[in-house]
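Model, not experiment: these values are computed from the prediction. Each chain gets a letter, A, B and so on, in the order its sequence line appears, and its residues count up from 1.
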There are 2 protein chains.
Amino acid sequence: MKPHHPIPEASLRRLPVYYRSLQEMLTAGAAQAVSCADLARTLGLDPTLVRKDIEMTGIVGRPRVGYPLADLVRWIESFLGWNRLKGAVLVGAGSLGSALLGYDRFRSHGMEIVAAFDTDPGKIGKRNHGRPVQPLSALPDFVRRTQVLIGVIATPGDAAQSVADLMVAGGILAIWNFAPAHLHVPKHVILQNEDLYHSLASLSFKLESRTRRAETPEEREISYAQDN
Amino acid sequence: MKPHHPIPEASLRRLPVYYRSLQEMLTAGAAQAVSCADLARTLGLDPTLVRKDIEMTGIVGRPRVGYPLADLVRWIESFLGWNRLKGAVLVGAGSLGSALLGYDRFRSHGMEIVAAFDTDPGKIGKRNHGRPVQPLSALPDFVRRTQVLIGVIATPGDAAQSVADLMVAGGILAIWNFAPAHLHVPKHVILQNEDLYHSLASLSFKLESRTRRAETPEEREISYAQDN
DNA sequence: TAGATTGTTAATCGATTAACAATC
DNA sequence: TAGATTGTTAATCGATTAACAATC
């Protein structure tokens, strides 16, 4: 019984927050059941928002009780596909790429990076966190052979588009892009951007707005409008 | 002449995309002026959306011509505060933290990480990408003394809240959080989350939806509604 | 002048918030 | 039963998209 409505991106991004909080409650072993109100209180979020998000996953709760804690955790896990391991390839074995290769927590969240690729001859042939680093040219064939569906890009910005093209050519269906680049991919490919400069822009603008306001109180009324 | 309306988060996050594209045009040296339609075309975005975003920054263009390319680049830079260098401290000199310390591009985007902190005795006292790694306990005093306003958290999730508390105590006004943790900070503190699991949830869910649809065509109509 | 583009106002869309009915 | 919580429907809010007027 899957939902018939589109799932809002914002809701999807909140589910991990609930998931983590619920897991903590579970290991703490305090309660058997949890209500949306409980969850909202511990997270400082709007109770109605939490209710809608949980409801969206399709789980059925009991009025006056809430949701069985363990069930809810597993339900969210399953809803997100975090209980079904999917392979991934990573391109760009630099410092960020290596950090990502070192995150073994990804495995318990549905993703396992099975191979790394790079163009640097100094890196090719060696191992990085246990994974062999192969030449980028070997990527499309590797993807086709192993049927891996996820591609992670951790290259410099100017290499990202060509890497994405290679991934798509190999049959990758989802790209997680950490490179500072605006990628063009076919419609059937899921693109998740993790461009740090998007966040840095937001942070920088807000910080400037607030510190400037403090300096020139006469502009206060205007600046208030810019608060998030 | 600053805008009187609140600036949408989504618009702020699109500005770096325009900025980068405009910079490329500038170095390519092709055109003197650029229109929103041009920009929208090269980026594959809705022209009206681009217009609204650019307009929001307060720059004034010329009908039939567009915006002077060099002016627009500098305008966005200034709007985001990327031309005014702000100091930052980083906590957590692990693999991700080290990668962030190595990003010298941050400096040309308004942020310079001036010091790193950690609790690991094996890291304290050494240098990481030229920056001294200090004990975490030294953070509040350091922040007070140097008047740094930005704090970057790259610790494990369970340490993040206490680190955030230390930062706030020292006078940090903006926190860039890379740890997988839902942080509670006072209202006056800007919080920018870079939680990878938020993105991974979205990517994983969408990938599962699409691949499952392919397996069971009879559910196609339902699955379509879940497309982004 | 004609026409493309900016600047601005209105309409649509979707997400969040609020209200209320159902239920254990 | 009474009351808290789920489930569901309506209202609000904000962002995106569309329409149109102003201008060079």
Practice task
State, yes or no, whether a side-chain contact exists between W176(A) and N193(A) at a heavy-atom distance under 4.5 Å.
Solution key: no
Practice task
Starting from P on dT6(D), measure out to CG on L72(A) and report it in whole angstrom.
Solution key: 10 Å
Practice task
Check whether any side-chain nitrogen or oxygen of R14(B) sits under 4.0 Å from OP1 or OP2 of dA15(D), and answer yes or no.
Solution key: no
Practice task
Would you kindly give the CD1-to-P distance between I59(A) and dT8(D), to the nearest whole Å?
Solution key: 14 Å
Problem - Length of the CZ-P vector between R64(B) and dC24(D), whole Å - result: 13 Å
Handout entry: Residues E9(B), R14(B): salt bridge by 4.0 Å N-O rule
Key = no
Exercise for the section: Give a yes or no on this: more than 12 heavy atoms of other residues, nucleotides or ligands lie within 6.0 Å of atom CZ of R84(A). Expected result: yes
Problem - Between dA15(C) (C1') and L45(A) (CG): distance, integer Å - result: 15 Å
Practice task
Determine, using ring centers only, whether W82(B) and Y19(B) are less than 6.0 Å apart.
Solution key: yes
Completion exercise
Test side chain to side chain contact (heavy atoms under 4.5 Å, CB included), reference L139(A), set V163(A), I172(A), V91(A), V148(A), output is V91(A)
Practice task
Check the pair N177(A), V152(A) against side-chain contact (heavy atoms from CB on, under 4.5 Å), reporting the backbone distance first and the verdict last.
Solution key: CA-CA 6 Å; N177(A) 176 41; V152(A) 182; over 6 Å; no
Handout entry: Nearest-angstrom distance from the residue atom CZ of R62(B) to C1' of dC24(D)
Key = 7 Å
Handout entry: First of V65(A) and T48(A) reached from the 5' end of DNA chain D, by closest nucleotide
Key = V65(A)
Fill in the blank from the handout: Taken to the nearest whole Å, CD1/I54(B) to C1'/dT8(C) is 17 Å
Practice task
Determine, for R20(A) against D195(B), whether the closest basic-nitrogen to carboxylate-oxygen distance falls under 4.0 angstrom.
Solution key: yes
Problem - Of the listed nucleotides dT16(C), dG3(C), dT16(D), the one nearest the side chain of L49(B) - result: dT16(D)
Problem - Protein-nucleotide distance (D46(A), atom CG; dA18(C), atom P), rounded to Å - result: 6 Å
Practice task
Find the partner of dT6(D): check Watson-Crick (N1-N3 plus N6-O4 or O6-N4) and G-U wobble (N1-O2, O6-N3) distances, both under 3.5 Å, and reply none if neither fits.
Solution key: dA21(C)
Problem - Side chain of S11(A) (C-beta onward), nearest among dT6(C), dT8(D), dT16(C) - result: dT16(C)
Problem - OP1 or OP2 of dT6(D) under 4.0 Å from side-chain N/O of R51(A) - result: yes
Exercise for the section: Please confirm whether any donor atom in the side chain of K52(B) sits under 3.5 Å from an acceptor in the base of dT17(D), or the reverse. Expected result: yes
Problem - Nearest-angstrom distance from the residue atom OH of Y67(B) to P of dA4(C) - result: 18 Å
Practice task
Once you apply the 3.5 Å cut-off to both distances, tell me the Watson-Crick or G-U wobble partner of dA15(D), or none.
Solution key: dT12(C)
Handout entry: Any residue of residues 32-40 of chain A with a heavy atom less than 4.0 Å from an atom of DNA chain D
Key = S35(A), C36(A)
